[in-house]
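Structure, as structure tokens:
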Amino acid sequence: MALDYIQENNFFLTEESDTINKDILKQEFPWFLHPKPTTDKFVFMSHTLIKRNEARVNSNYFSFFFKIFERFINKHKLKCDVITRACLNLTFSDSRFTYSDPHVDYTKKHKVIIMYLNNCSGDTYIFNKQYKDKACYPVEKTKGFKVLKKIKPKQGKIIHFDGSYYHANSFCDPGKYRIVCVITYI
């Protein structure tokens, strides 16, 4: 089965980039510690827009990102019945591994959209393995995982792919950070 993948570069409107730079990338943005996202090896900060499996808006910033999401899916004639999760993730440098634990965001059939909110290192990896019965593989046990796509973060880039494929983020350079908006939907 071939990876169902869409990529748009420079998708944000000028005013959207301005809002991201002014509001999201500023020091006072409300980030929350996420101590165990897949395993306890990788700590990151997050800002939940819609809690996983709750379909309930959790942040005033949701409507801003929903407008971008809606424009993207309309342009590509994609169908969304329900958003199952939406969040902003802020990750840091980690020299122990090339990438975090390969995982799927949701164990049922779903699609993933990742919006890159800043220019940084910390590529996204999409692997050749698809979900069968395990939502996450520890990075140390990924022998046989082959990279199908390696996506470099750039503000305004949006990717869309079949959520059954395991994916992971690599880590940005020391002293830097990587910020993305992840939306999963069915």
Side-chain angles (χ1 to χ4, degrees), residues 3-32 34 37 44-52 55-93 99-100 103-106 110-126 147-163 165 167-173 175-186:
L3 175 65
D4 176 18
Y5 178 84
I6 301 168
Q7 178 175 316
E8 285 274 351
N9 297 317
N10 303 311
F11 191 77
F12 298 160
L13 304 174
T14 301
E15 56 269 18
E16 291 166 344
S17 291
D18 290 347
T19 297
I20 289 166
N21 291 329
K22 184 176 69 79
D23 293 344
I24 310 296
L25 301 182
K26 69 179 183 178
Q27 187 174 2
E28 296 82 20
F29 188 77
W31 293 105
F32 302 91
H34 209 67
F44 73 99
M45 305 295 281
S46 68
H47 181 94
T48 303
L49 303 171
I50 291 182
K51 288 184 179 182
R52 192 182 304 267
R56 179 174 52 90
V57 173
N58 190 63
S59 169
N60 292 335
Y61 288 95
F62 173 74
S63 61
F64 173 80
F65 288 100
F66 181 74
K67 287 176 190 169
I68 300 169
F69 168 82
E70 191 172 48
R71 193 170 75 248
F72 182 91
I73 65 169
N74 287 340
K75 177 179 180 181
H76 294 283
K77 298 177 175 46
L78 303 168
K79 183 177 181 276
C80 173
D81 291 327
V82 65
I83 293 175
T84 55
R85 175 177 172 249
C87 66
L88 305 181
N89 293 340
L90 185 154
T91 55
F92 307 98
S93 176
Y99 48 79
S100 64
H103 63 279
V104 294
D105 294 322
Y106 193 63
H110 69 289
K111 302 289 185 184
V112 176
I113 284 183
I114 299 177
M115 301 178 195
Y116 296 93
L117 305 187
N118 68 327
N119 296 319
C120 63
S121 50
D123 296 347
T124 299
Y125 290 88
I126 303 174
V147 176
L148 289 177
K149 288 274 186 197
K150 183 177 173 183
I151 303 97
K152 179 165 182 48
K154 182 161 177 29
Q155 187 180 61
K157 182 182 289 184
I158 299 180
I159 64 170
H160 176 276
F161 59 95
D162 178 342
Y165 284 86
H167 62 281
N169 66 284
S170 63
F171 301 101
C172 50
D173 296 332
K176 304 295 181 184
Y177 54 88
R178 174 185 186 269
I179 301 178
V180 298
C181 175
V182 179
I183 299 177
T184 59
Y185 73 96
I186 51 178

Check against side-chain contact (heavy atoms from CB on, under 4.5 Å), V182 and N89: CA-CA 8 Å; V182 179; N89 293 340; 3.9 Å; yes
Derivation of the side-chain contact (heavy atoms from CB on, under 4.5 Å) call for Y106 and V112: CA-CA 9 Å; Y106 193 63; V112 176; over 6 Å; no
Ring pair (Phe, Tyr, Trp, His ring centres under 6.0 Å) evaluation trace for Y177 with F92: CA-CA 5 Å; Y177 54 88; F92 307 98; 7.5 Å; no
Residues Y99, N169; criterion side-chain contact (heavy atoms from CB on, under 4.5 Å); working and verdict: CA-CA 5 Å; Y99 48 79; N169 66 284; over 6 Å; no
Audit row: H160, E8, side-chain hydrogen bond (donor to acceptor under 3.5 Å, both in side chains) steps and yes/no: CA-CA 9 Å; H160 176 276; E8 285 274 351; over 6 Å; no
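Within a 6.0 Å radius of CD in E28, more than 12 heavy atoms belonging to other residues, nucleotides or ligands are found. Crowding of K150 atom NZ: a count of heavy atoms from other residues, nucleotides or ligands under 6.0 Å not exceeding 12. Atom CG of D81 has more than 12 neighbouring heavy atoms from other residues, nucleotides or ligands inside a 6.0 Å radius.
Taking the side chain as every heavy atom from C-beta outward, K149 and Q7 never approach each other to under 4.5 Å. Looking at heavy atoms from C-beta onward, R85 lies out of side-chain contact with I50 at the 4.5 angstrom threshold. When side chains are defined from C-beta on, F11 does not count as touching K157, because their heavy atoms never get closer than 4.5 Å. The shortest distance between side-chain heavy atoms of I151 and I126 falls below 4.5 Å. A heavy-atom distance below 4.5 Å is found between the side chains of M115 and F65. Residues S93 and K176 have side chains not in contact (no heavy-atom distance under 4.5 Å, counting atoms from C-beta outward). For the pair Y185/V82, no side-chain contact is recorded, criterion being any heavy-atom separation below 4.5 Å from C-beta on. With a 4.5 Å cut-off on side-chain heavy atoms, F69 and I113 count as touching.
Note that the CD1 atom of I158 and the NZ atom of K75 stand 9.5 Å from one another [nearest 0.5 Å]. Atoms SG and NZ, on C120 and K154 in that order, are 11.0 Å from each other to the nearest 0.5 Å. Separation of atoms CZ (F32) and CZ (F44) is listed at 13.0 Å; rounding is to 0.5 Å. Within the model, atoms CZ of R56 and OG1 of T48 stand 10.5 Å from one another, a figure rounded to the nearest 0.5 Å. Between atom OG1 of residue T19 and atom CD1 of residue I68 there is a gap of 8.5 Å, rounded to the nearest 0.5 Å. Here F12 contributes atom CZ and F72 contributes atom CZ; the two are 10.5 Å apart, rounded to the nearest 0.5 Å.
For the 3.5 Å distance criterion, the side chains of T124 and Y116 qualify, holding a donor opposite an acceptor.
Side-chain atoms of H110 do not come within 3.5 Å of backbone N or O of T84 as any donor-acceptor pair. When atom types are taken as modelled, the side chain of H47 and the backbone of P30 share a donor-acceptor pair closer than 3.5 angstrom. One N or O on the side chain of S170 and one on the backbone of D123 form a donor-acceptor pair closer than 3.5 Å. Side-chain N or O atoms of R178 include one that pairs as donor or acceptor with a backbone N or O of G122 at under 3.5 Å. Using modelled atom types, one side-chain atom of R52 and one backbone atom of D105 make a donor-acceptor pair closer than 3.5 Å. With hydrogens and angles ignored, the 3.5 Å screen pairs no side-chain donor or acceptor of S46 with any backbone N or O of L88.
With N21 as the partner, the side-chain hydrogen bond (donor to acceptor under 3.5 Å, both in side chains) test is satisfied by one option alone out of Q155, K26, E16: Q155.
The shortest heavy-atom contact between F62 and L49 is N-CD2, 3.9 Å. Between I183 and C181, the shortest heavy-atom distance links the atoms CG1-SG, 4.0 Å. The heavy-atom pair separating F29 from D23 by the smallest distance is CD1-O, 3.4 Å. Heavy-atom minimum distance, A168 versus S100: CB-O, 3.4 Å. Between I179 and N118, the closest heavy-atom pair is N-OD1, 2.9 Å. Contact detail for S121 and P153: the closest heavy-atom pair is O-CG, 4.1 Å.
Taking the centre of each ring, H167 and H103 come in below the 6.0 Å mark.
Relative to the ring axis of F161, K111 does not place its NZ or CZ within 45° and under 6.0 Å from the centre.
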